[in-house]
Number of protein chains: 2
Amino acid sequence: MNDPSPIRKPSRIQQRNRKLILDAALEVFSNHGYRGATLDLIAARAGLSKPNILYYFEGKEDIHVTLLNQLMDSWLAPLREIDPMGDPMEEVLAYVHRKLEMSRDLPRESRLFANEVLQGAPRMAPHLETVLKPLVDDTADLIEGWIAAGKLAAVDPRHLLFSIWATTQHYADFDAQVRVLMDEADVQEGARAHLDMMFRRLLVP
Amino acid sequence: MNDPSPIRKPSRIQQRNRKLILDAALEVFSNHGYRGATLDLIAARAGLSKPNILYYFEGKEDIHVTLLNQLMDSWLAPLREIDPMGDPMEEVLAYVHRKLEMSRDLPRESRLFANEVLQGAPRMAPHLETVLKPLVDDTADLIEGWIAAGKLAAVDPRHLLFSIWATTQHYADFDAQVRVLMDEADVQEGARAHLDMMFRRLLVP
DNA sequence: AATTTTCCTGACCGTATGGTCAAGAAAAGA
DNA sequence: TCTTTTCTTGACCATACGGTCAGGAAAATT
């Protein structure tokens, strides 16, 4: 009479190996896309055998979905941090800076996300609808309130968010191109100054 | 004594079928990425048999590279159209608008390019170096000249280009996400107004 | 120590996929 | 018309890949 789904806290080995696998998978998926990634590659990078990978996850898709779910949280955190009580201009600019820092510190996550959306978000559509959309709707309302209060120039909040996402993530997603075109060592600082100026000028009432 | 590489003008059948194949391949590569695309899919979409595909192209990679090479031209055309004799502000804004229109009219090309660069541009690095970089260098010089003449605000020309590319291509590359977040019918017009305002405010001296 | 549970792997399987080939069908050239 | 060249395909091949399984090793539990 075995319990079909015994709720057991994961052992130390389980925690370690799942982490190893997810980290390896993030590397591989973000570099090769879903189809380009192979279990053998993930296994090799994780230092585990392929059957052992399948012991911890149900399959390739399970790993991918797990990564995407984890990603969503850390990905949207900066958006949730916007303080409705703060100064509108500074809140938005701080958000831009946080997103740019994420692009530098978590480029694999950015590329994983880009890959998924680029293919039409086949494994993430529900999450976009249930998690991202409500948050964006709230943020749009907040920004519209700030605009109505005369604190920000009149812009479409959604197009503003698109611009912020596009410009900041560009440095992670199109890194290969950026590196060809910029010899400079400090791309990050140039980007920071540029985006700060761009969004400041856009939003000043 | 057969000439090993007889320079023959392509027959009508050859022209038609190569076009069919490239169009089908563009569709498939841009939707599934390089690894996700299969010759069977391309063949089915082109209405030809798989061996026939291989009669016209040496292999999968050959098709992909051919597409990328063709892409580069049409992709950079709007940049070449910037007129050094024109009004700086209007030239840059016209470029933004052209890029946005391309994003709407040629989304497959945009996604093909994005896919390739996302994976580190493994099949396009030479082209970026030899074709894109010189053009960007020239354009950067042009913009710096305009800035020095007091016609535009002082911005880093390369970061400006990144911002233009990122924001305009976003509507093609992240279409799946845009569609979730915007119920509106006319995303294009909203984007046009938004980007016009953003870059105008950024660049006004 | 004995037993149970968890963890791990070599060998294997079915399918998908890029690519080949021999030979026939259709155009083009004479 | 006859011949040559171009075009087309069904059948086939080798490899890669996601996934399975039986059984052994290592931990944990008793």
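Heavy-atom basis, side chains included; hydrogens, waters and symmetry copies ignored. Naming: A, B, ... by sequence-line order, numbering from 1 per chain.
Rounding to whole angstrom units, CG of residue A:L54 and C1' of C:dC12 are separated by 14 Å. Atoms CZ (A:R16) and C1' (D:dA27) sit 12 Å apart, rounded to a whole Å. Atom CZ of B:R18 and atom P of D:dT6 are 15 Å apart (whole Å). Nucleotide C:dT20 holds its P atom 12 Å from the CG atom of B:D62, rounded to whole Å. A straight line from CD1 of B:I53 to P of C:dT20 spans 14 Å, rounded to a whole angstrom. D:dT8 atom P lies 10 Å from atom CG of B:L20, rounded to whole Å. Atom C1' of nucleotide D:dA27 and atom CZ of A:R12 are separated by 11 Å, given to the nearest angstrom. To the nearest angstrom, C1' of C:dT9 lies 14 Å from CD1 of A:I21.
Residues passing the side chain to side chain contact (heavy atoms under 4.5 Å, CB included) test with B:A44, sequence neighbours excluded: none.
Residue A:Y55 places no side-chain N or O under 4.0 Å from the OP1 or OP2 atom of C:dT9. Checking the phosphate oxygens (OP1, OP2) of C:dT6, no side-chain nitrogen or oxygen of A:Y56 falls inside 4.0 Å. An OP1 or OP2 oxygen of C:dC8 is reached within less than 4.0 angstrom by a side-chain nitrogen or oxygen of A:N17. Between B:N52 and D:dC7, a side-chain N or O to OP1/OP2 separation shorter than 4.0 Å is absent. In this structure, A:Q14 does not reach the C:dT6 phosphate: none of its side-chain N or O atoms is under 4.0 Å from OP1 or OP2.
How far CG of A:L68 is from CD of A:E61: 9.5 Å, rounded to the nearest 0.5 Å.
Judged by a 6.0 Å distance limit and a 45° cone about the ring axis, B:R104 is not positioned over the six-membered ring of B:Y171. A cation-pi arrangement is absent between B:K50 and B:Y55, since the terminal nitrogen or guanidinium carbon is not both under 6.0 Å from the aromatic centre and inside a 45° cone about the axis.
The pair A:K19-A:D23 does not meet the salt-bridge criterion, since no charged nitrogen lies less than 4.0 angstrom from a carboxylate oxygen. Under the 4.0 Å criterion applied to side-chain N and carboxylate O atoms, A:D196 and A:R192 are not assigned as salt-bridge partners.
The number of heavy atoms from other shown groups lying within 6.0 Å of CZ (B:R108) is above 12.
The stretch residues 31-51 of chain A touches DNA chain C through A:R35, A:S49, A:P51, each having a heavy atom under 4.0 angstrom from the strand.
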